J.: 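Here it is, the structure, as structure tokens.
Residue numbers start from 1 in every chain, and the chains themselves are labelled A, B, ... in the order their sequence lines are given, proteins ahead of strands. Predicted model only: the values in this text are computed from it and were never measured.
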There are 2 protein chains.
Amino acid sequence: MSGSNLTYVGVVAIIGVVALIMAWVFRREVLRAGEGTEKMQEIAAAVQEGASAYLNRQFKTLAIFAVLVFGVLFLLPGTAEIRIGRSIFFVVGALFSALIGYLGMWLAVRANVRVAAAARDTGRDPAMRVAFRTGGTVGMATVGLGLVGAGIVVFLYRDNAPSVLEGFGFGAALLAMFMRVGGGIFTKAADVGADLVGKVEQGIPEDDPRNAATIADNVGDNVGDCAGMAADLFESYAVTLVAALILGKAAFGEHGLVFPLIVPAIGALTAVLGVYITRPRANEGGLRTINRSFYISAAVSAVLSVIAAFAYLPSSFAGLVGANEAVAALNGDPRLVASAAVIIGIVLAGIILSLTGYFTGTEHRPVKDVGKTSLTGAATVILSGFALGLESAVYTAVVIAGAVYAAFLLGGGVTILSLFAVALAGCGLLTTVGVIVAMDTFGPVSDNAQGIAEMSGDVDEKGAAILTELDAVGNTTKAITKGIAIATAVLAATALFGSYTDAITTAIGEVGGQVANVASFGYEIVSPNTLVGLIIGAASVFLFSGLLVSAVGRAAGAVVYEVRRQFREIPGIMEGTGKPEYGKVVDICTRDSLAELATPGLLAALAPIAVGFGLGVGALAGFLAGAIAAGTLMAIFLANSGGSWDNAKKLVEDGNHGGKGSDAHEATVIGDTVGDPFKDTAGPAINPLIKVMNLVSVLIAPAIVQLSVGENASPAVRIGIAVAAALVIVAAVTYSKRKPIALEAADNDKAEPAKVG
Amino acid sequence: MSGSNLTYVGVVAIIGVVALIMAWVFRREVLRAGEGTEKMQEIAAAVQEGASAYLNRQFKTLAIFAVLVFGVLFLLPGTAEIRIGRSIFFVVGALFSALIGYLGMWLAVRANVRVAAAARDTGRDPAMRVAFRTGGTVGMATVGLGLVGAGIVVFLYRDNAPSVLEGFGFGAALLAMFMRVGGGIFTKAADVGADLVGKVEQGIPEDDPRNAATIADNVGDNVGDCAGMAADLFESYAVTLVAALILGKAAFGEHGLVFPLIVPAIGALTAVLGVYITRPRANEGGLRTINRSFYISAAVSAVLSVIAAFAYLPSSFAGLVGANEAVAALNGDPRLVASAAVIIGIVLAGIILSLTGYFTGTEHRPVKDVGKTSLTGAATVILSGFALGLESAVYTAVVIAGAVYAAFLLGGGVTILSLFAVALAGCGLLTTVGVIVAMDTFGPVSDNAQGIAEMSGDVDEKGAAILTELDAVGNTTKAITKGIAIATAVLAATALFGSYTDAITTAIGEVGGQVANVASFGYEIVSPNTLVGLIIGAASVFLFSGLLVSAVGRAAGAVVYEVRRQFREIPGIMEGTGKPEYGKVVDICTRDSLAELATPGLLAALAPIAVGFGLGVGALAGFLAGAIAAGTLMAIFLANSGGSWDNAKKLVEDGNHGGKGSDAHEATVIGDTVGDPFKDTAGPAINPLIKVMNLVSVLIAPAIVQLSVGENASPAVRIGIAVAAALVIVAAVTYSKRKPIALEAADNDKAEPAKVG
């Protein structure tokens, strides 16, 4: 690598460090805010304790898994340098992901009480400021660690960087997936359980301290929506960057290892801008303020990226050092191609933002229509939200596909350039991640602040109204983040297809086969074995979603029976003279969500192994394509259905169609409960799922080839591995079907719930 | 074609005619049964009138569409003979589809009252016999018309038969899709509407004559479940046969145009056997009786197919006259390959039967578990049924994929043989269609019989109990049919991929391009444009499902407001002194379902045109693959979720978890209502959707190539066609979002429903 390019990489790493410093600055600002009354602090402490305990246990569980994967990775083909580097940076990626998740949780459980205190003591704008600064901290840390990590790999490994980056991305994605799954089950088990007994059966408000599940519900917001989400977005950042660097090197040579770092570095700077300019104007809704910051920082990113492209890249493809031959032979201007690709990504982020806002916001027709269907009962609420989710998923998916196609056209017929353009569009998306994380964290922090206010009873009506408004804004920002996250999954996965074919071509060359033989592996989509892979890939997404939804159902059932038991057995609980045992519910959620973690995790990691070793690399390509297509649609469907039900409920609670306590309200509460695991468990976990499956495939592709052709070919070993992987999946799924605690309770508990409300 | 082969085709056509004669025999037997009391006949007459009126209006609407397509088909490339034959047989296929649908409806509305009368006067076994003979009539007619139609095409067109068969299959599939969509919306709008006001709001039983929607509900069973299903299964039969004949000719030459006719002809004979041996034994559940007939006739089909293969096919591939060169060069025995492929199909049918029975039957754990979740409310019922649907879809899809893969392996590395084997597996499935249609028709006929019994009040408790049992059996048989139908879609669609590539290769040759150029069209699944097509293909399935579910929601809303209005405005309706205006609700359902017909129909027909002409044949291949994968999973998910909710409700109604009237019951009623459009509207329509999309793609492929390469290439025309198609879709979807009647009513109707129950 040339000296000047090394300098650029160094600058990027320094920007990464600057981002980390900014994270520290924002963090200090959050912690300096007032902490409210003693009672508020007491509640916050209980939440802090539960959240830390859960994450610590989760990390211990995951450490075993990480050690296993570390070993397996080391066994995969490659030079010693690559194998060592890949395994080590796998651990680094996983650690960074865990760190971001932990930080997200740690700060959120401290910010919530401060936001509540600010709403109580100083008003809306300071409250919003604390909440948004919390998100800013996590956002800057995400961006900073991503840039520093990737920068170091490029700096240390140079030409071998792509292979090592695969390990880094895989570590980040795997850990994030587990955090999404575990946290997602925890948060929704507690939330659904609390709502079913509290709101529906006993008719007491959300976050009522008489409900034994309230502390668990608040813990859940932090371990799921904060820790899980932060890890997930870090993973999106890392994997997209990894894909761009791998393809950049293949297409553009050295320039391609640097430019994909410059673009998100610009994003780091504009994210700081975005966080600082988020100041509510008079009489302006919170969402408007946040949206304005997003659009301004996105526009600045676009302009700066174009400038960077023109300053850094040569004016002809021939001027790229070490570029792909077909790329070097192209006429045209690489600066234009690169600029256009980045802008496609940024524009995509903007469109997703407004599409999601339209479909899940309370002020637009879709959610209003769902709200109206509450007049004909819960069934029509479910049906209308279900249809809304399906349809809106289509629009978002088509927009994402359109962005991929536009980037693909930029390649001018050269596949590797098309793929790099897709990856660069991903980098364009990344420039918005800092602000996006800040927006997302905003949601659970406001939600928690509202919980603390309600439980403590120390915040007056005016303060409560402020927190309710911030919570509603948070609902929409959360849906937006999920849309952006899944878009990164599609772009990164599409781009990683390039690495996949590349890995296979190289491996075939190494075992002495002909590269032309790749065709005999049956990549053609019209071949039945590819189609079989495709169906299985799409099926994995359905299975994964189904497993998560039923895991939440099971765990929530256990919570329901526990809370009902406490209402029955603890005297004076409804009158406020008896205190519920909050810790028991936290324990149930912790135990159940960790127990439910393994099955979806094993499915994600082992399904590509079973398909790839069993049916070959063509079927595995089909598998990935099927998982991407079905995953994109399923993820957005789940997020938007859930979001629309949640906000339809808010519409009714705001006094429409009969308001609180009406039949219409009860109907929307059922809708919201159904939506909970959709939008906060299954939906968001699909993004890291797709990345994990992709990276596993890229990593195992050479091994599959080695066992399929050449002198080491061994169908027995190959099929053996596939069968073993398939059997583990079957065993895990069967295990998850063991008699669930909740249904056991159902067998014993003949008592009908006492309806009070 | 050799004289002996012509003789075989003639024999097959004669078997087809025999099947039609058997249909007539069964029909006479049904009509000879007693018609019950005057009141029962009066109700039946109202249902007959409504159903005929609806179908007549629907056919008039569709005739316009058919004329349009007839013209467009004629414009597509091909020799004059092919173009004329294709267009004419398109009309024949559509007419046959309509005819079968009409017959299914016509006989069902006459059989229902006779089943009710038999249950009243003579007992369970005669009632079951009438219901099953009704199904037998439709089943034999389906099989007969399919064989006669395909036989005539092969007889008349010989070498040109494949192209003409595409028209025949397309006509059948297109009409069936519209009948599924229109009938599906009608039946569920009436059913959901009736339940929401009757069961949930007023607490009166199903089919209570005080409910203004009851007649419409019963009409719906006939136009949706009977007419739509019959047309759908005819279409499955025709398209699978078409795919097998096209590939048979390409792979096996003349023998391949005959053997795929022989196998279903055997099925026609064994179906007669199946219908005759369906006699309940003492103390045996109805489902057991039907299953036994299914398994016996399937086993006989398998044995006879093997005998036919060994009697008809030569013992070496070289012995096949006019076979594909690569196939002729293979070692091995074509008789073994053909036998194995057919058996794969038959075994697949058996596995789907038992899987579906396991996941939707009341006696197994999955539905029992869904039933238990009713103790924690409607939300957990929805969640558990949703998860059950997702998971069970995976198992069925993986089994189907396994069958495709097994058939693929039979090809011994020769793609065309693999594809033919897949198609032959489809023919194996077809041997069971006669019995399957009989099983399916059983469901709505028993359902209707129960309705007539309830409304007339003329059937005593014992008779009612018989009808309830038959209805529950019908629920499971209906779910099974859907599983089999979607399996035919996958097998036919996979096989048709062969025709698709073939069409493209031929077209490229004709315009003077190189066949090797096909690769430059980017079939590779790892190419971004293929992936874009794939995402759009999967998205079409989501959009189609979303449109249908929301159409039902809208139409059901309109029914709810009308029924509520009648309860309010007609005096004495609750006391039984005032008579509801049944006709008004029938009119609403008719109007709404025909109005909602266009959008999904246009989407199905135009989406492949937009993708194919806009993004090329590679993206179109991806589109089809995406639609197949997502469609398979979505169809089974919707069918099984819906089936499980319906039967969970039955479990509670049988006295579990509190029984009728309990909170648990209310929760399962909500689940059942959500499931209605899943299992009877959106789910079953996906099967013909996939086939329509596939056949459109096969038909337009040569035109896309002509506009892409060679001297007639014209990007402007090509893109123009794509944009026009896309704009029509957008316009249609926008139109379907017009202010729906129900929501208008919601704006005006401030009155909360008066809760009586």
J.: Pick one of side chain, backbone, both or neither for A:F386, based on which atoms fall under 4.5 Å of a heavy atom in chain B.
T.: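 Contact with chain B: side chain only.
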J.: Report which part of B:T380 has an atom under 4.5 Å of a heavy atom belonging to chain A: side chain, backbone, both, or neither.
T.: side chain
J.: Is any side-chain heavy atom of B:L383 closer than 4.5 Å to one of A:V674?
T.: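 SC-SC contact between A:V674 and B:L383 confirmed.
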J.: Using a 4.5 angstrom heavy-atom cutoff, name the option from A:F544, A:F637, A:F408 with the most pairs to chain B.
T.: A:F408
J.: What pairs with B:D676 under salt bridge (charged side-chain N to carboxylate O under 4.0 Å, His left out), at least two apart in sequence or on another chain?
T.: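 Once residues adjacent in sequence are excluded, the partners of B:D676 under the salt bridge (charged side-chain N to carboxylate O under 4.0 Å, His left out) criterion are B:K188, B:K679.
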J.: Please flag which part of A:I382 lies under 4.5 Å from any non-hydrogen atom of chain B: side chain, backbone, both or neither.
T.: side chain
J.: List the atom of A:V532, the atom of B:A401, and the distance in Å for their closest heavy-atom pair.
T.: CG2-O, 3.5 Å
J.: Would you name the heavy atoms of A:A625 and B:L531 that are closest together and state the gap between them?
T.: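 It is CB-CD1, 3.7 Å.
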J.: Given a strict heavy-atom distance threshold of 4.5 Å, which part of A:V541 is in contact with chain B: side chain, backbone, both, or neither?
T.: neither
J.: Looking at A:G546 and B:A387, what are the two nearest heavy atoms and their distance?
T.: O-CB, 3.5 Å
J.: Taking all heavy atoms of B:V394 and all of A:A539, pick out the closest pair and write down the distance.
T.: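 Here B:V394 and A:A539 meet closest at CG2-O, 3.2 Å.
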J.: For chain B, find which of A:V404, A:L633, A:V192, A:I535 contributes the most heavy-atom pairs closer than 4.5 angstrom.
T.: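 Heavy-atom pairs under 4.5 Å are most numerous for A:L633.
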J.: Pick one of side chain, backbone, both or neither for A:L547, based on which atoms fall under 4.5 Å of a heavy atom in chain B.
T.: both
J.: Say you draw a straight line from OG of A:S545 to CD of B:E391; how long is it, rounded to the nearest 0.5 Å?
T.: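 If I round to the nearest 0.5 Å, the distance is 10.0 Å.
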J.: How far does CG of A:L534 sit from OG1 of B:T632, to the nearest 0.5 angstrom?
T.: 10.0 Å
J.: Would you mind checking which part of B:V733 comes under 4.5 Å of any heavy atom in chain A, side chain (CB onward), backbone (N, CA, C, O), both or neither?
T.: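 Side chain of B:V733 only, per the 4.5 Å heavy-atom cut-off to chain A.
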J.: At a heavy-atom separation under 4.5 Å, does A:V490 approach chain B through its side chain, its backbone, both, or neither?
T.: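 For A:V490, side-chain heavy atoms alone lie under 4.5 Å from chain B.
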J.: Which atoms form the tightest heavy-atom contact between A:L375 and B:R564, and what is the distance?
T.: O-NH2, 2.9 Å
J.: Supply the atom-to-atom distance B:L548 CG to A:L390 CG, rounded to the nearest 0.5 angstrom.
T.: 10.5 Å
J.: Among B:L196, B:I628, B:L615, B:V422, single out the residue with the greatest number of heavy-atom pairs under 4.5 Å to chain A.
T.: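 Among B:L196, B:I628, B:L615, B:V422, the one with the most close pairs to chain A is B:L615.
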